[in-house]
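Proteins get letters first, then strands, A, B, ... in listed order; numbering begins at 1 in each.
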Amino acid sequence: MGRYDSPAALAALVQPHQVHRDIYTDQEVFQQEMKHLFANAWVFVGHESQTPNKGDYFSTHIGTQPVIQVRHSTGDIHVLLNRCPHKGTKIVIDRQGNTGKFFRCPYHAWSFKTDGCLLAIPLKKGYQNTGLEETDSGKGMRSVGDVKNYRGFIFARLAEEGMSFEEFFGDSLTSLDNMVDRSPAGRLEVVGPPLRYLHHCNWKMLVENQTDTCHPMVAHESSAGTAVKLYEEMGLPEDAPKPPAMEIIAPFMSPYEFFEGMGIRTWPNGHGHTGVNHSIHSDYSAIPGYFEALCDSYGEEKAKAILDENRHNTVYFPNIMIKGPIQQLRVFIPIAADRTVVESYIYRLVDAPDELTARTAMYNRMINAPTSIVGHDDLEMYERAQEGLMVDGLEWVNIQRLIDEDEDFEVEAVENGTTERQMRNQFHAWVKFMTMGHKAEAAE
Amino acid sequence: MTVTRESLIDFIYDEVRMLDEGRFTEWLNLWLPDGHYWMPLDYQQKDPINETSLMYEDMFMLKLRVERLNGARTFSQKPKSRCHHVIQRPYVDQMDMEAGRFVTTTFMHYVETRLDEQQLLAVTARHDLALVDGALRIANKRVDIVNCDAAFRNIQLLP
Ligand code: FES
Ligand SMILES: [Fe+2]
């Protein structure tokens, strides 16, 4: 019996205005997250353009579970657990490839169709009358509980039963819609491999930071503030083209009022976004030919509406963030209570000018690379917090900025851009999905 | 100056020594104003612009990187990172005396450290050098990390 194997013990870690540090530091809580939260929630897997052709696969993780996204012979995408049902060998080990019509385990050559069904076993007569069909091993590679391809983005739920995709995401899908609509063809394509950055901190610190609007002007003063200072020292005339870095990095130094006015929206089940009214992405320069291409596809009115949305960071609970205006997606992959790998992907807007992809690639490397000066500012704060949380006797983390009495997270809300409501929303959802599995078990 | 193989090789040795000794302002002065420091993300990457790189920095970004190291509120550089290069003798791949353009390739081990952590990277650096006003300058530099697809910890200084 561990300290945290009861729903009551887990729920007690979250109070309306604070959360207990064990949520970030305790390995047993982490294991419970993998068992319940990451099984009950809909978790991002990959993008369909990573597996464009039949037999194409891409290997990744849902929480700590190794999975394979694969394009089946019928053209649809399946998500299989990356484990041979015979003795456990991982079926694929490279990050992506093409397996042809079937997977073949490299250990004893059991083979499986690309939907996981058992195809053949060498020397099969050795299993005659042994009852293999009755065992899990005889059933082929196991699939996840459910898969959804939403406008090219693949999500999966590990649990066999649970909330539907539509109920889980609800109106939060408007952020994904806006990102995809920005392509005149209504389609995105992944560009290159993701940046991969190892953090010595809990995965939730990164998720919370996505809507933490009171940190940029402080933690990023060293990078964004210095950029502004360098630019001023150059003494360029107003109308001279600014160094590209200024467009990307300088808005991080915007004052508190800017972030207050930006607004935060929260949706049920832990999703939310910053940048309801405007954002640090609002003032990017126009790319010639882009608006025209959008108008051709959608008509002027809709094209304007698409570009008028400048949502900053949209958090999809539990562990991704997207930036619609620059087609970036970051996934916070949990490794252990104090280990997280962040993968930052970018996508190309099909049929849009290349300059947009160039800006997106620039943003990705300037802000989110392990070599970035901005990303390093953030990492420093997370890791200091991870170490600071070991202090005994002061064991709660505060999340009460702009808290209201009786907040109802089951309804959508729009509030002042510096509220910590979205963090509270995430923890509300955390309790919900952490204890959901327990209840089902208890009922069995 | 007359550029010889030896002077090109010495240039590379002097450059890494500047970096290891933290003489970053002096290092910036080696660069031509329109140069780029490129560190690809993908193995054998061809395009620095329309794909993600680890770094593709113009002089403004490189100056910002150096300037930031000295800022009073650069919390993530308190204490500062330090670096150390061990390099093989550079290959001189091209010597175009007439144009004053030169290309070298250098294999190196790069160590960066801060507090209790130390990271070792095996890298290949390609330098495009130019003879301008009698001095060798860096026109462009490309640094490929052999395990570019790995999940990295911070890389804050300059391999
Ligand atoms: S472990 Fe896969 S076939 Fe034996
Ligand atoms: Fe930040």
N/O donor-acceptor pair under 3.5 Å between [X] side chain and [Y] backbone:
X        : Y        : result
A/Arg196 : B/Asp149 : yes
B/Glu51  : A/Ala358 : no
B/Arg153 : A/Leu198 : yes

What part of [X] gets within 4.5 angstrom of chain B, counting heavy atoms only: side chain, backbone, both, or neither?
X        : result
A/Arg348 : neither
A/Ile346 : side chain
A/Ile249 : side chain
A/Ala369 : side chain
A/Pro194 : backbone
A/Thr360 : neither
A/Arg359 : neither
A/Pro243 : side chain
A/Glu343 : neither
A/His220 : neither
A/Leu195 : both
A/Met381 : side chain

Under a 3.5 Å threshold, yes or no: a donor from one side chain and an acceptor from the other, between B/Arg68 and A/Ser223? no
Just wondering, do B/Asp58 and A/Pro244 contact through their side chains at under 4.5 Å, heavy atoms? yes
Value for NE2 (A/His376) from CZ (B/Arg114), rounded to nearest 0.5 Å, stands at 5.0 Å
Tell me the residues of residues 230-238 of chain A whose non-hydrogen atoms fall below 4.5 Å from those of chain B, in number order. A/Leu230, A/Tyr231, A/Met234
